[in-house]
Amino acid sequence: MKETVVSGIRSTGKLHLGNYYGAVKNFIKMQEEYNCYFFIADWHSLTTHPTPENLHGNIKNVLVDYLACGLNPEESTIYVQSDVPEIIELYLYLNMNAYLGELERATSFKDKVRGNPDNVNAGLLTYPVLMAADILIHKATKVPVGKDQEQHLEMARTFGNRFNRLYNQEYFPEPYAFSYTEKLVKVPGLDGKGKMGKSEGDANCVYLSDTPEAIRKKVSRAVTDSGPTAENQEKPEAIQNLFDLMKIVSPADTLNHFDDLYNKMAIRYGDFKKQLAEDMIIATDPVRERINDIANDSAYLQKVARLGAEKARESAQKTIREVRELIGFKSF
């Protein structure tokens with residue numbers, strides 16, 4: 001029996017280089033060795049109140065990008081979260097044994113309260129419970145997550161173990177963080193401050209579907225400084241971020257060439273950025289072509305979504321039948 005992997009991405013827009021090199025590239029390898037469930041977390045996205053048009057459009061964008069990157073609906077289960085209502089039922093059961101104090105202490109919840117005090121909704125508070133339901137519904141043991149989600153994963157273990165103790169049954173296995181590679185790839189953004197992310201705005205991200213012209217424009221506006229002031233000096237964060245991006249998308253000799261120029265105080269950021277943009281275009285070109293083809297094939301997208309929902313519900317329905325029995329629900 002293959003171990004089960006579950007991972008989801010919120011349907012808040014198109015995938016960018018950070019999503020691809022930080023996660024999706026590994027998913028493609030995982031699907032050959034594990035029983036994989038990759039879902040589009042549209043219920044999670046409701047905490048930020050998207051319009052109906054944006055909600056559906058964003059779900060489609062992620063599905064298209066997943067498929068264009070190489071996720072195979074025959075090898076793994078690719079589905080939309082809201083197509084599997086059993087997740088919400090498990091979410092309800094887990095909520096009955098999730099305590100207010102532990103939910104309020106979650107770091108991400110406290111961050112959201114500080115960042116947006118006018119939108120402290122119950123969905124944000126119970127976000128870790130829904131994430132736990134996403135994982136436990138398939139009895140997953142491996143969950144690819146970043147550092148910022150490790151506390152949520154610990155809470156998923158807590159909720160699963162609490163259910164097991166309450167009903168005196170070792171039913172849910174413990175899920176743990178899983179990285180397919182030894183070292184996680186950190187993909188920095190273009191704003192000079194940290195990792196690539198949609199919350200920092202479109203200018204910070206290079207999307208897999210961006211046109212070559214859009215990529216050149218974004219990279220040309222990336223944050224730099226006035227240049228090195230001493231030979232072999234340590235690079236400031238904004239400059240190091242651009243070199244880290246080049247390390248991901250460019251050949252080693254290109255990276256070494258510009259690194260040498262920087263160390264000799266001879267670098268011209270305009271040339272550096274032009275090369276970085278062209279290498280990004282080359283790296284994303286195959287995916288971009290597939291995105292354009294798949295996005296226009298409505299029949300294929302519908303087929304993939306339906307197949308994924310069927311496969312995910314088969315697993316979820318089995319879990320819910322057994323959970324109901326353990327809790328004591330019986331039909332008359």
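One distance of note links CG of Asn232 with CD of Glu234; it measures 12.0 Å at 0.5 Å rounding. To the nearest 0.5 Å, atom OG1 of residue Thr211 and atom NZ of residue Lys217 are 9.5 Å apart. How far CG of Asn164 is from CG of Leu326: 9.0 Å, rounded to the nearest 0.5 Å. Rounded to the nearest 0.5 Å, atoms OG1 (Thr47) and NZ (Lys112) are 7.0 Å apart. Note that CD1 of Ile267 and CZ of Phe258 are 6.5 Å apart. Values are rounded to the nearest 0.5 Å. In this structure, the separation between CG on Asn97 and CG on Asn161 is 12.5 Å, given to the nearest 0.5 Å.
Checking side-chain atoms of Glu89 against main-chain N and O of Ile320 turns up no donor-acceptor pair under 3.5 Å. Proximity of a side-chain donor or acceptor of Thr158 to a complementary backbone N or O of Glu154 within less than 3.5 Å is detected. Between the side chain of Lys311 and the backbone N or O of Ser76 there is at least one donor-acceptor pair closer than 3.5 Å. For the pair Asn204 (side chain) and Asp191 (backbone), a donor-acceptor distance under 3.5 Å is present. No donor-acceptor pair closer than 3.5 Å links the side chain of Lys14 to the backbone N or O of Asp65. Without hydrogens or angle criteria, Asn19 side chain to His16 main chain gives a donor-acceptor distance under 3.5 Å. Between the side chain of Asn35 and the backbone N or O of Lys2 there is no donor-acceptor pair closer than 3.5 Å. Put simply, the side chain of Gln81 gets close to the backbone of Asp42: a donor and an acceptor are under 3.5 Å apart. Judged by distance alone, the side chain of Lys218 and the main-chain N or O of Cys205 form a donor-acceptor pair under 3.5 Å. Remark: the backbone N or O of Val5 is not paired with any side-chain donor or acceptor of Lys142 at under 3.5 angstrom.
Using a 4.0 Å cut-off between a side-chain N of Lys or Arg and a carboxylate O of Asp or Glu, Glu104 and Lys110 do not qualify as a salt bridge. Checked for salt-bridge contact, Glu278 and Lys274 miss the test: no charged N lies under 4.0 Å from a carboxylate O. With respect to Asp259 and Lys235, a salt bridge is recorded, a charged nitrogen being found less than 4.0 Å from a carboxylate O. A salt bridge is absent between Asp293 and Arg290; no separation between the charged side-chain nitrogens and carboxylate oxygens falls under 4.0 Å.
Atom NE2 of His56 is surrounded by 12 or fewer heavy atoms from other residues, nucleotides or ligands within 6.0 Å. Heavy atoms of other residues, nucleotides or ligands lying less than 6.0 angstrom from CD of Glu325 number 12 at most. Annotation: Glu314, atom CD; neighbour count of heavy atoms from other residues, nucleotides and ligands within 6.0 Å does not exceed 12. More than 12 heavy atoms of other shown residues, nucleotides or ligands fall within 6.0 angstrom of atom CD in Glu213.
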* To do: Go through Arg288 and Asp285 one step at a time and tell me if the salt bridge (Lys or Arg N to Asp or Glu O under 4.0 Å) criterion holds.
  => CA-CA 5 Å; Arg288 183 166 44 251; Asp285 196 47; 3.4 Å; yes
* Report the C-alpha distance between Tyr93 and Phe329 in whole Å, list the side-chain angles of each, state the deciding distance to 0.1 Å, and finish with yes or no for ring-ring contact (aromatic ring centres under 6.0 Å, His included). => CA-CA 12 Å; Tyr93 299 149; Phe329 289 114; 5.8 Å; yes
* Asked: Yes or no on side chain to side chain contact (heavy atoms under 4.5 Å, CB included) for Ile40 and Tyr66, after CA distance, side-chain angles and deciding distance?
  -> CA-CA 10 Å; Ile40 300 163; Tyr66 261 170; 4.2 Å; yes
* Test log, rule side-chain hydrogen bond (donor to acceptor under 3.5 Å, both in side chains), inputs Asp271 and Gln275 -> CA-CA 6 Å; Asp271 294 339; Gln275 184 65 53; over 6 Å; no
* Residues Glu310, Tyr79; criterion side-chain hydrogen bond (donor to acceptor under 3.5 Å, both in side chains); working and verdict -> CA-CA 9 Å; Glu310 286 172 12; Tyr79 62 100; over 6 Å; no
* **Phe163 and Val323: CA distance, side-chain angles, deciding distance, side chain to side chain contact (heavy atoms under 4.5 Å, CB included) verdict** => CA-CA 10 Å; Phe163 181 94; Val323 163; 3.8 Å; yes
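No side-chain heavy atom of Tyr127 sits less than 4.5 Å from a side-chain heavy atom of Trp43. At least one side-chain heavy atom of Thr126 sits under 4.5 Å from a side-chain heavy atom of Tyr91. Two residues are said to be in side-chain contact when any heavy atoms from C-beta on lie closer than 4.5 Å; Asp279 and Pro251 meet this criterion. Looking at Gln31 and Phe27, their side chains never come closer than 4.5 Å, going by heavy atoms from C-beta outward. In this structure, Tyr262 and Phe272 have side chains that are not in contact, with every pair of non-hydrogen atoms separated by 4.5 Å or more. At a threshold of 4.5 Å between non-hydrogen side-chain atoms, the residues Arg162 and Leu94 do not count as touching.
When every heavy atom of Ile78 is checked against every heavy atom of Asn72, the shortest pair comes out as CD1-C, 4.0 Å.
The cationic atom of Lys139 (NZ for Lys, CZ for Arg) lies less than 6.0 Å from the six-membered ring centre of Tyr171 and within 45° of the ring axis.
Of the options Val304, Leu71, Ile294, a side-chain contact (heavy atoms from CB on, under 4.5 Å) to Leu63 is made by Val304 and by none of the others.
Remark: aromatic rings of Phe178 and Tyr34 are close, center separation under 6.0 Å.
Cluster annotation: Tyr207 and Leu17 are assigned to distinct hydrophobic clusters (Ile/Leu/Val/Met/Phe/Trp/Tyr, side-chain heavy-atom contacts under 4.5 Å, transitive).
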